[in-house]
Amino acid sequence: INLMTTFKQTSREVVNDLGFLKLMKNNLIEETTNTEFDRYCLDHIGACAVLPVMKNGDVVLIQQYRSALNREIVEVVAGKLDIEGEDLVECCKRELLEEVGVVARKFIQLGSWEVSPGWTDEIEHGFLALDCDEPVETQPDGIEEKFSTVIRISLDEAMNYIEQGIISDAISTLVIERAYKYLASN
């Protein structure tokens with residue numbers, strides 16, 4: 001596969017800075033036709049998504065309100081890389097404790113994915129968390145997490161949630177399916 005491109009970014013400017021998210025205007029040129037054009041996108045600081053597997057094989061998910069969808073969804077634990085200097089595993093550890101009260105000792109990176117490259121540069125890093133302690137009290141960060149529900153089910157049931165559309169977001173689906181494949185072969 002040849003991923004070379006004839007498109008070149010000539011300049012870039014911040015249109016609106018919302019903290020972890022910036023609306024950007026990219027000025028571009030397609031070099032074979034010398035066509036100049038603009039595209040808008042969102043710069044995102046990135047995030048981690050993590051699926052904890054308990055010692056008995058259960059997985060821990062979270063049900064919480066997502067304002068972009070205006071409804072509750074069931075998903076893997078996830079959070080932004082919004083603490084300066086924090087590495088991916090530390091982000092996973094922090095999010096596990098905040099959202100579901102789980103402490104894990106072993107992390108397996110399952111992949112990194114461009115969430116929606118048509119309009120954002122967000123990259124989500126997926127992890128499997130192993131050697132997990134039983135959940136303790138959560139440390140919610142935000143009103144949605146305060147009113148969230150921790151869900152503990154088997155990995156097979158999580159796979160069924162995907163098939164049934166109960167879990168419908170792409171990142172949770174990828175993380176759960178990759179974790180299932182990893183655990184089946186190790």
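The analysis underlying the following values was restricted to heavy atoms, covering all of them including side chains, and did not include hydrogens, waters or symmetry mates. Bear in mind that the values here come from a model prediction, so they are computed numbers and not experimental data.
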Main-chain N/O of [Y] paired with [X] side-chain donor or acceptor, under 3.5 Å:
| X | Y | value |
| --- | --- | --- |
| S172 | V76 | yes |
| E95 | C91 | no |
| S185 | K181 | yes |
| T138 | E99 | no |
| K8 | E31 | no |
| S116 | G118 | no |
| S67 | N70 | no |
| E86 | L88 | no |

Can you tell me if [X] and [Y] form a side-chain donor-acceptor pair at under 3.5 Å?
| X | Y | value |
| --- | --- | --- |
| N26 | R12 | yes |
| S112 | H125 | yes |
| E145 | S148 | no |

Taking [X] first and then [Y], would you say they form a salt bridge - that is, a charged N and a carboxylate O separated by under 4.0 Å?
| X | Y | value |
| --- | --- | --- |
| D121 | K22 | no |
| E98 | R94 | yes |
| D58 | R152 | yes |

*For E114, look at atom CD and say whether over 12 heavy atoms of other residues, nucleotides or ligands are found less than 6.0 Å away.*
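Atom CD in E114 is not packed in, count stays at 12 or less.
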*asked:* For the CD atom on E137, are there more than 12 heavy atoms of other groups (residues, nucleotides or ligands in this structure) within a distance under 6.0 Å?
replied: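 Incorrect, the count does not exceed 12.
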Do [X] and [Y] have side chains that get closer than 4.5 Å, going by heavy atoms?
| X | Y | result |
| --- | --- | --- |
| E75 | T173 | no |
| L110 | F127 | no |
| L97 | V102 | no |
| V15 | M24 | no |
| D141 | Q139 | no |

Which pair of heavy atoms, one from [X] and one from [Y], lies closest together, and at what distance?
| X | Y | value |
| --- | --- | --- |
| E124 | A49 | OE2-CB, 3.5 Å |
| Q9 | L28 | CA-CD2, 3.7 Å |
| I167 | V74 | CG1-O, 3.8 Å |
| C132 | K55 | O-NZ, 3.3 Å |
| L96 | V77 | N-CG1, 3.9 Å |
| E122 | G46 | CG-CA, 4.4 Å |

*Check the pair V115 / I123 against side chain to side chain contact (heavy atoms under 4.5 Å, CB included), numbers first and verdict last.*
CA-CA 6 Å; V115 175; I123 295 177; over 6 Å; no
Are [Y] and [X] linked, directly or through intermediate hydrophobic residues, by side-chain heavy-atom contacts shorter than 4.5 Å (ILVMFWY only)?
| X | Y | value |
| --- | --- | --- |
| L130 | V103 | no |
| I176 | V150 | no |
| V100 | I153 | no |
| L183 | F107 | no |
| M159 | L51 | yes |

*Apply side chain to side chain donor-acceptor pair (under 3.5 Å) to the pair T35 and E30, showing each step before the final yes or no.*
CA-CA 5 Å; T35 303; E30 194 287 316; 5.1 Å; no
*asked:* A cation-pi test, strictly: NZ or CZ of K80 under 6.0 Å from the centre of the six-membered ring of F20 and no more than 45 degrees from its axis. Yes or no?
replied: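 Yes, K80 and F20 form such a contact.
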*Walk me through it: do R105 and D133 pass the test salt bridge (charged side-chain N to carboxylate O under 4.0 Å, His left out)?*
CA-CA 9 Å; R105 287 174 193 75; D133 290 341; 2.7 Å; yes
